[in-house]
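A short write-up of the structure that comes next.
In each ligand, atom 1 is the first atom listed, and ligand 1 is the first ligand listed.
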Amino acid sequence: MKYDDIIIGGGLSGLLCAISLAEKGRKCLIISQGQSTLNFSSGSFEFINTEEGEDFEHAIAALPSRHPYQKIGVDRLPRLRTSVAGLLDRAGIRTVGENERNHLRITPFGALKQTWLSLAEMTHFQKDELLGRVLVVDIRGFLDFNASFIASSLGQMGIQADTCEVYVHETERLRDNASEFRSANIARVFNGYTIDRLACAINEKATDVDFILLPAVFGLDKEEPARRMLEKLNKPAAFIPTMSPSVPGIRLQRLLKQRFISLGGMFLSADTVCGGEIVDGRLVSVRALNHGDTRFEAENFIFACGSFFSNGLKATQDKIYEPILGLDVDYEGGHGEWFAPDVYAEQPYMSFGVRTDKRLNVSLDGKTLENAYAVGQLLSGASPIKSGCTGGVSAVSAVYAADIILNQQ
Ligand SMILES: Cc1cc2nc3c(=O)[nH]c(=O)nc-3n(C[C@H](O)[C@H](O)[C@H](O)COP(=O)(O)OP(=O)(O)OC[C@H]3O[C@@H](n4cnc5c(N)ncnc54)[C@H](O)[C@@H]3O)c2cc1C
């Protein structure tokens, strides 16, 4: 089976890279083994933490040269961010956020967090626009969203926040089995008139407030249920992510996959790439566990396998390795130095990843594989939690690798 480009991993970076290539008419295959981290996403993408009033480029200038943003080139990042927003838009994913600076969102714990792009229905505001009197809505019996905790956190920031509990009989039925009462199952219930009835129940309680905050449990496949919910409320409102699974994240995954397939892309799910064949410094084919001896051949290969969480990287007591080909990995020290005992400290293992050059080409035993690239969380050099660059690195590295491939045609 011969393709122009094979992408290993169907998370945010794999899908964005594949869509960029497929939009230009290339014949692409994604092979992906399991759920990606999009299923846990807040519905917002972080680019980099900034000081108040600081723009992205200023904050990026302080990053070390090994960071993916520095490898890609600071000058290229504004255009790549614009490309990402366009790709999401064409996939039917409406986002808000400026190209040069962060906005704030509210986390499931009621904290404010800086972020670059948010789905249009999620909370998004600048510091000087902090909400007035707020009502945090709880759905009765739903344990993955703690309205009181959120209200109390907002209260500590000087925002007057109350809570209320609502239900419709369809959600009450889910309570028969506590393990069924999860965000994704609730989202299946909220369609059409169920949304309207829930909105009525909320409107009755939200008479004396300026803003309503709701758990993001609307719209698994499309935005419409979330939008309908907001339209039916009498006050301005927005969603806060719940504990996982994430309904907005699942929707992101589905819409990106749909977009890729609609462009003629082939998505092979639940299969694991387990090896490949290298000839004269080029990767010529890969194998997948469920396909026996089949050789998946392509001109280019993009490794978008994520980090430890998604098995893109693995660790034993003595080493950290990339499991498909044993690509070169950047990591330092022995096992005891890979993590800091204080869980809140910067964790060294988070910046470990596959080594690349400035074109994001990977290497094996020090030799560059000219037609193989790494993108996303698999890349070394970022400390995503500390610098707040999680989704940003995945998104811009994906589009950058696609640009390199397209420009060499
Ligand atoms: C729990 C959690 C929550 C997060 N929330 C946010 C958030 O709210 N905002 C944000 O900006 N960032 C968030 N992140 C960071 C997130 O990792 C990135 O934003 C981004 O989604 C990562 O995309 P990726 O494609 O690089 O990797 P992943 O999402 O990890 O996807 C990698 C994919 O590759 C597949 N794969 C791995 N090995 C193979 C193989 N051998 N063969 C085939 N397929 C393979 C995996 O199954 C997976 O589907 C979160 C991360 C985690 C862990």
Do me a favour and list the nearest non-hydrogen protein atom to atom 20 (C) of ligand 1 with residue, atom name and distance?
S394 OG, 3.4 Å

For ligand 1, find out whether one of its N or O atoms is nearer than 3.5 Å to an N or O atom of G43.
no

Just by modelled atom types, is the I195 backbone N or O under 3.5 Å from a matching donor or acceptor in the K232 side chain?
no

Answer yes when D4 and K24 have at least one side-chain N-carboxylate O distance shorter than 4.0 Å, and no when they do not.
no

For D271, counting its heavy atoms only, list the atoms of ligand 1 lying under 4.0 Å from any of them.
43 (C)

Could you tell me the residue and atom name of the protein heavy atom closest to atom 25 (O) of ligand 1, and the distance to it rounded to 0.1 Å?
S13 OG, 2.7 Å

Whether H67 and Y69 hold their rings parallel, tilted or perpendicular, with breakpoints at 30° and 60°
tilted

Answer yes if the side chains of S44 and S118 hold a donor-acceptor pair under 3.5 Å, and no otherwise.
yes

Identify, with sequence neighbours excluded, every residue that meets side chain to side chain donor-acceptor pair (under 3.5 Å) alongside D144.
R182

Counting from 1 in the order shown, the ligand 1 atoms closer than 4.0 Å to a non-hydrogen atom of S32 are 35 (C), 43 (C), 44 (N), 49 (O)

Please identify which atoms of ligand 1 are closer than 4.0 Å to at least one heavy atom of I324.
41 (N)

For atom 30 (O) of ligand 1, what's the nearest protein heavy-atom neighbour? Residue, atom name and distance, please.
S310 OG, 2.5 Å

Looking only at protein heavy atoms, identify the closest one to atom 12 (N) of ligand 1 and say how far it is in Å.
T390 OG1, 3.0 Å

Which heavy-atom pair separates P78 from D75 by the least distance, and what is that distance?
CD-O, 3.5 Å

Could you list the atoms of ligand 1 found under 4.0 angstrom from a heavy atom of G376?
26 (O)

Could you tell me which non-hydrogen atom of R101 sits nearest to which non-hydrogen atom of E54, and how far apart they are?
CB-O, 4.4 Å

Looking only at distances, please establish whether an N/O atom of ligand 1 is found under 3.5 Å from an N/O atom of T272.
no

Quick note on ligand 1: atoms under 4.0 Å from a heavy atom of G306 include exactly 27 (O), 30 (O), 32 (C)

Considering the heavy atoms of S41, write down every atom of ligand 1 situated less than 4.0 Å from one of them.
5 (N), 8 (O)

Any idea which atoms of ligand 1 are less than 4.0 Å away from a heavy-atom of G34?
47 (O), 49 (O)

Could you pull out, from V375, V286, N39, T37, the option with a heavy atom nearest to atom 21 (O) of ligand 1?
T37

Atom 41 (N) of ligand 1 sits nearest the protein heavy atom V273 O, 3.0 Å

Could you tell me the residue and atom name of the protein heavy atom closest to atom 44 (N) of ligand 1, and the distance to it rounded to 0.1 Å?
Q33 N, 3.0 Å

Tell me, which protein residue and heavy-atom name are nearest atom 2 (C) of ligand 1, and how many Å apart are they?
F40 CB, 3.9 Å

Judged by heavy atoms only, the candidate from C17, S36, C305, A270 nearest atom 32 (C) of ligand 1 is C305

Pick whichever of P241, A304, G249 has a heavy atom sitting closest to atom 33 (C) of ligand 1.
A304

Taking only heavy atoms of G391 into account, list the atoms of ligand 1 that are under 4.0 Å away from them.
10 (C), 11 (O), 12 (N), 19 (O)

Quick check: does R105 get an N/O under 3.5 Å from an N/O on ligand 1?
no

Lys/Arg cation over aromatic Y321: K314, 6.0 Å, 45° cone
no

N/O to N/O below 3.5 Å, does that happen between S307 and ligand 1?
no

Parallel, tilted or perpendicular: rings of F47 and W116 (30°, 60°):
perpendicular

Look at atom 34 (O) of ligand 1 and say which protein heavy atom is nearest, naming residue and atom and giving the distance to 0.1 Å.
G9 CA, 3.2 Å

Contact between L378 and ligand 1, counting heavy atoms under 4.0 Å?
no

Can a side-chain donor-acceptor contact be found between N102 and T50 if the only test is distance below 3.5 angstrom?
yes

Output all residues satisfying salt bridge (charged side-chain N to carboxylate O under 4.0 Å, His left out) with E165, sequence neighbours left out; order by chain, then residue number.
none

What class does the angle between the rings of Y331 and W338 fall in, given that below 30° is parallel, 30 to 60° is tilted and above 60° is perpendicular?
perpendicular

Face-on cation placement of R81 at F56 ring, 6.0 Å and 45° thresholds
no

Charged N to carboxylate O under 4.0 angstrom, E277 versus R287?
no

